[in-house]
Number of protein chains: 2
Amino acid sequence: MPPLDREPTRGSPDTKDRILAAAEALFMEQGYAATSLRAITAKAKVNLAAVNYHFGSKEALIREVFDRRLGPLNQARLDYLARLEFEAGGRALTPEKVLEAMITPVVQLSRDPLKRGAVFLRLLGRALSEPEDTMKQVLPIHYRDVVLRFKDALARALPEVPEQELVWRMHFTFGAMAYAMAGNDALQLITTCEAEGADDAEAIIRRLVPFLAAGLKAPAPQGLRTSTPQLTTNREAA
Amino acid sequence: MPPLDREPTRGSPDTKDRILAAAEALFMEQGYAATSLRAITAKAKVNLAAVNYHFGSKEALIREVFDRRLGPLNQARLDYLARLEFEAGGRALTPEKVLEAMITPVVQLSRDPLKRGAVFLRLLGRALSEPEDTMKQVLPIHYRDVVLRFKDALARALPEVPEQELVWRMHFTFGAMAYAMAGNDALQLITTCEAEGADDAEAIIRRLVPFLAAGLKAPAPQGLRTSTPQLTTNREAA
DNA sequence: GCATGATTCAAACACTTGTTTGAATCACGT
DNA sequence: ACGTGATTCAAACAAGTGTTTGAATCATGC
């Protein structure tokens, strides 16, 4: 019988964590749909039925894989941004600082006890462009506050950029970040630097922030029809 | 018996094309692994066995979905770049012009007879971050020349940017482009503008090029360990 | 000690997957 | 008109899918 909601104090044997870790790794390697419960339970060295016993279903498992990490990550981003704004007194932040608040928690996660966090980051980078329905439910919930808060911060940092333009540039920014996080060598631009340790993540941020900040600060292009994108979190967008 | 290599002149009934179109659409909606041959053949209104008869296997089908479009697209990019360089005489191009050569063929493809090309573009944008083994074989083959040619053109356009730095910035550039092409509203930044017609694609390029050009032109960050990425096309990188 | 509830386990469930088969149908050159 | 090879079709194939079941095992409170 499923425990329905066991207090996390009681020392459950680590099979739940083992499943989560194995799922994280396999989802990253093969994608969600292509990873079977049998592959997960085999890697985690637990019984096949354990997934349905502890999580209820495969979909609930992937949901928890993301929930477990995304909450703390995005809270750290919000905290970081709040701290920067407090330190700045009333003055507006630079775009570089705003990006730093967005990216630094990612780097910290990549320094996780022995690469567990790094695995998730690559998974997350890919998740942003997965067609899976589950993702279209999970991600907006976690990113809602982050997107709104950072949009406000960037708008203050870049008062000369029209709001519509800024939303598009945030779009591009997330794309570049996701691609960088995914460590995606699909085009195999990069062969070395595969030692994806902490040094690497820090080197990437040092390169990514100036790149994105320059893009965000660029003069707004002229002569555009005012096609009006909007910043919302409505789930029924598509 | 499979025809082994039928000359494309003979008027094969359009079942091959119907399969390709249906596969393209379904791969975009659900991803590769999650799309069954039965779903494809049902949408294409052909017999289930037709896929294996005409293509040999599911993997060969997805390979041909990409081969059919990626060859012409990347050739158009190379031609566009060559034309710009010819027009410039000996002078170096601006980064904006190089990006224009990269992106304009995409926009033209998006104007394809009634949205067929647009569907593929969203699929392609997602393909760059798919873990599927097939992709890691198909994409480098098609992108090898493009990556090398554009890297040279950008290096001439931006002589002050160190080569290592430039490779990273190309990486970020591809990420932002892929994300923009995929029309990915995973974070639901954008609700309006879902009428993804030709106007939209053109508006995106007008916003994307200045953003990326500014990032490419940014002053190189200081104090980096010289972690040395390299531009290669070796398939055994990961 | 035993009883109780949580957890594991092997086995089976119903179902879907990609692929193959062999006969039926079509197109068409002679 | 016949025959030949390409193409379609319904049916089946073995293998793999997520999920469920019911008994076995474990831990723990009394």
Side-chain angles (χ1 to χ4, degrees), chain A residues 1-24 26-27 29-65 130-135 137, chain B residues 1-24 26-27 29-65 130-135 137:
Chain A
M1 213 148 284
L4 262 152
D5 233 345
R6 204 161 28 77
E7 60 263 52
T9 56
R10 182 109 68 90
S12 89
D14 50 356
T15 109
K16 254 184 107 166
D17 287 325
R18 299 246 297 285
I19 292 174
L20 285 170
E24 214 168 46
L26 288 176
F27 287 160
E29 292 173 16
Q30 317 174 347
Y32 169 60
T35 300
S36 69
L37 290 186
R38 282 167 179 82
I40 294 172
T41 54
K43 186 181 182 81
K45 296 206 183 75
V46 301
N47 187 271
L48 168 61
V51 168
N52 286 280
Y53 175 76
H54 283 285
F55 299 94
S57 69
K58 186 186 181 185
E59 174 167 341
L61 169 61
I62 185 176
R63 208 177 290 260
E64 198 150 319
V65 165
E130 276 216 40
E132 206 65 42
D133 287 339
T134 310
M135 284 302 119
Q137 296 172 6
Chain B
M1 213 147 285
L4 262 152
D5 233 346
R6 202 158 31 77
E7 61 265 47
T9 56
R10 180 110 66 92
S12 87
D14 51 354
T15 110
K16 253 184 110 165
D17 287 324
R18 298 245 298 286
I19 292 174
L20 285 170
E24 215 168 45
L26 288 176
F27 287 160
E29 291 173 17
Q30 318 173 346
Y32 169 59
T35 301
S36 69
L37 290 186
R38 283 168 177 82
I40 294 172
T41 53
K43 186 182 180 81
K45 294 205 184 79
V46 301
N47 188 272
L48 168 61
V51 168
N52 286 281
Y53 175 77
H54 283 284
F55 299 93
S57 69
K58 185 187 180 184
E59 173 166 342
L61 169 61
I62 186 176
R63 210 178 289 261
E64 198 150 321
V65 165
E130 275 217 40
E132 207 64 44
D133 288 339
T134 310
M135 285 302 120
Q137 296 172 4

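Each chain gets a letter, A, B and so on, in the order the sequences are listed, and its residues count up from 1.
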In this structure, how many angstroms lie between the P atom of C:dT7 and the CG atom of A:Asp17, rounded? 13 Å
Quick one: CG on B:Leu48 to CZ on B:Arg38, what's the gap to the nearest 0.5 Å? 5.0 Å
What residues from residues 39-50 of chain B pass a heavy-atom cutoff of under 4.0 Å to DNA chain C? B:Leu48, B:Ala49
Measure from NZ on A:Lys58 to P on C:dC15 and round the result to the nearest Å. 19 Å
Phosphate contact (D:dT8 OP1 or OP2) by B:His54 side-chain N/O below 4.0 Å: yes
In whole angstrom, what separates B:Leu37's CG from D:dG16's P? 17 Å
Contact under 4.0 Å: A:Ser36 side-chain N or O vs D:dT17 OP1/OP2: yes
4.5 Å side-chain heavy-atom contact, B:Asn52 and B:Leu61: no
Whole-Å distance between C:dC15 C1' and A:Arg38 CZ? 12 Å
Using a 4.5 Å cut-off on heavy atoms from C-beta on, say whether the side chain of A:Glu64 contacts that of A:His54. no
Using modelled atom types and a 3.5 Å cut-off, is there a donor and acceptor pairing between side-chain atoms of B:Lys58 and backbone atoms of B:Thr35? yes
Can you check the B:Asn52 CG to D:dC9 P distance for me, whole Å? 15 Å
To the nearest 0.5 Å, tell me how far B:Asp14 CG sits from B:Leu20 CG. 11.0 Å
About how many Å separate CD of A:Glu130 and CD1 of A:Ile62, when rounded to the nearest 0.5 Å? 6.5 Å
Nearest whole angstrom, please: distance from the C1' of D:dT19 to the CZ of A:Phe55. 16 Å
Taken to the nearest whole Å, CG/B:Asp14 to C1'/D:dT8 is 14 Å
In whole angstroms, the gap separating C1' of C:dT8 from OH of A:Tyr53 amounts to 9 Å
